[in-house]
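Start at 1 with the first residue, then count along the sequence.
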Amino acid sequence: MIRNMLDLDLLRSFVSVVDAGGFTRAGERVHRTQSTVSQQIRRLEEDLGRPLLHRDGKRIRPTEEGERLLSYARRILALAEEARDVVSRPSGDGVVRLGLPEDFAAYRLTEMLSEFARSRPDLRLYVRCGKSDRMRRALERGEIDLALFKRDAEETGGIAAWPERLHWITSRRRPVDFRRQPLPLAVFEQGCLYRNRAIHALETVGRAWQIAYTSPSILGIQAAVSAGLGVSILPEVAILPEHTALGAGDGFPPITDTEVALVAAPEASAASRRLAEALTNFCSTLDPRMAA
């Protein structure tokens, strides 16, 4: 059965009657006569098929059904007013959707984004964190407007790119025995550039390996390495005091570096471009350890 939408004017009169405690004072609030307000309440009751008010002489109070409707009516009217205000005000900066790799989001960049958003009250900033390949696909599908993601250093395109220095790492307190065959690895899930580089580097020198620990989170990889569950590849920004770097002297092959690229959607808004400029300035001024 098709039901009529609730009329905002009827809901407004109903709330006014309850708040004012009578039809006459409610009419003054909504600038209508007492008889008009009374007719509106009857129309609302007919629409809903339920009595909404107890009419005991001059004393007006809501029925049980009226009490239930009252909270919804207040919310509906407030939401309608909010919608009217949002649509009628100047558009401002609008919405910017930003995608970040998890390790980048975990450090000082969040502070910069917070300052950027606070300085632009009309901007709605939506930040999405995840693996670089997912951020890249989200940008291609139009789900985000701007993205920072890891990629091969040989790739081109985008607004800017910064080199990322990668290192083999192990636990400082519980280092993995490098002579172990196969070598245990603590790596991200499939599709991660670091995982692919680790495996490729080991296979290039004929070193046997096994996946000992996987995690979608950089915090999980950091914890696994700290506990001595395996060796891994991480950028300098993600190496903790509990870690120690490994190199050729420890029998580990060199790793091809990656880079962090800043890329905008083809139809990026002016607000997205302003955020891109702020991100470029921020990343360009980082010290080498944070350029990851």
Side-chain angles (χ1 to χ4, degrees), residues 79-166 188-189 191-194 196 216-219 234-238 257-292:
L79 189 60
E81 188 63 29
E82 180 184 339
R84 185 189 301 277
D85 180 62
V86 168
V87 172
S88 62
R89 75 169 60 151
S91 59
D93 286 323
V95 179
V96 176
R97 302 165 299 172
L98 172 66
L100 298 176
E102 183 196 13
D103 58 334
F104 219 103
Y107 296 93
R108 297 193 307 185
L109 184 58
T110 51
E111 298 178 13
M112 171 262 164
L113 292 174
S114 176
E115 292 175 3
F116 184 87
R118 283 200 304 271
S119 66
R120 293 163 176 80
D122 292 332
L123 173 70
R124 290 174 56 198
L125 178 62
Y126 167 66
V127 182
R128 175 176 169 183
C129 301
K131 289 171 55 181
S132 286
D133 60 332
R134 293 176 182 169
M135 296 301 98
R136 193 168 192 163
R137 288 197 299 269
L139 185 66
E140 293 169 352
R141 291 194 295 258
E143 297 173 2
I144 54 179
D145 308 301
L146 197 62
L148 276 166
F149 55 78
K150 314 293 181 74
R151 70 183 185 185
D152 293 328
E154 300 79 18
E155 292 189 53
T156 59
I159 297 171
W162 299 269
E164 182 178 56
R165 292 190 289 180
L166 304 179
F188 292 93
E189 295 175 337
C192 173
L193 285 174
Y194 302 161
N196 295 342
S217 164
I218 193 167
L219 295 178
L234 286 179
E236 288 189 358
V237 67
D257 287 338
T258 56
E259 68 180 16
V260 178
L262 176 62
V263 183
E267 304 299 327
S269 65
S272 297
R273 295 289 178 182
R274 284 194 292 273
L275 178 56
E277 182 180 359
L279 287 168
T280 300
N281 293 336
F282 177 84
C283 294
S284 297
T285 57
L286 294 178
D287 61 73
R289 279 185 52 83
M290 294 297 294

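- The line from CE of M112 to CZ of F282 is 7.0 Å long, rounded to the nearest 0.5 Å.
- Applying the salt bridge (charged side-chain N to carboxylate O under 4.0 Å, His left out) criterion to R151, with sequence neighbours excluded, gives E259.
- Residue pairs satisfying the salt bridge (Lys or Arg N to Asp or Glu O under 4.0 Å) criterion with at least one member in residues 137-148, sequence neighbours excluded, are listed as follows: R97-D145, R128-E143, D133-R137, R141-E143.
- Smallest separation of non-hydrogen atoms from L125 and A117: CD2-CB, 4.2 Å.
- Nearest heavy atom pair, residue F116 against residue L123, reads CE2-CD2, 3.4 Å.
- Atom CD1 of residue I144 and atom CZ of residue R134 lie 13.0 Å apart, to the nearest 0.5 angstrom.
- A distance of 8.5 Å separates CG of L193 from CD of E164, quoted to the nearest 0.5 Å.
- With rounding to the nearest 0.5 angstrom, the CD1 atom of I159 is 11.0 Å from the SG atom of C283.
- Side-chain atoms of S119 come within 3.5 Å of backbone N or O of E115 as a donor-acceptor pair.
- Atom CD of E154 is separated from atom OG1 of T258 by 10.0 Å, given to the nearest 0.5 angstrom.
- Of all non-hydrogen atoms in R273 and A265, the two that sit nearest each other are NH2-O, 3.9 Å.
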Would T280 and W162 count as a side-chain contact (heavy atoms from CB on, under 4.5 Å) here? Give the steps. CA-CA 10 Å; T280 300; W162 299 269; 4.2 Å; yes

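- Atom CG of L100 and atom CG of L113 lie 6.0 Å apart (nearest 0.5 Å).
- Each of L139, V263, L279 was compared with L146 under the side-chain contact (heavy atoms from CB on, under 4.5 Å) criterion, and only L279 meets it.
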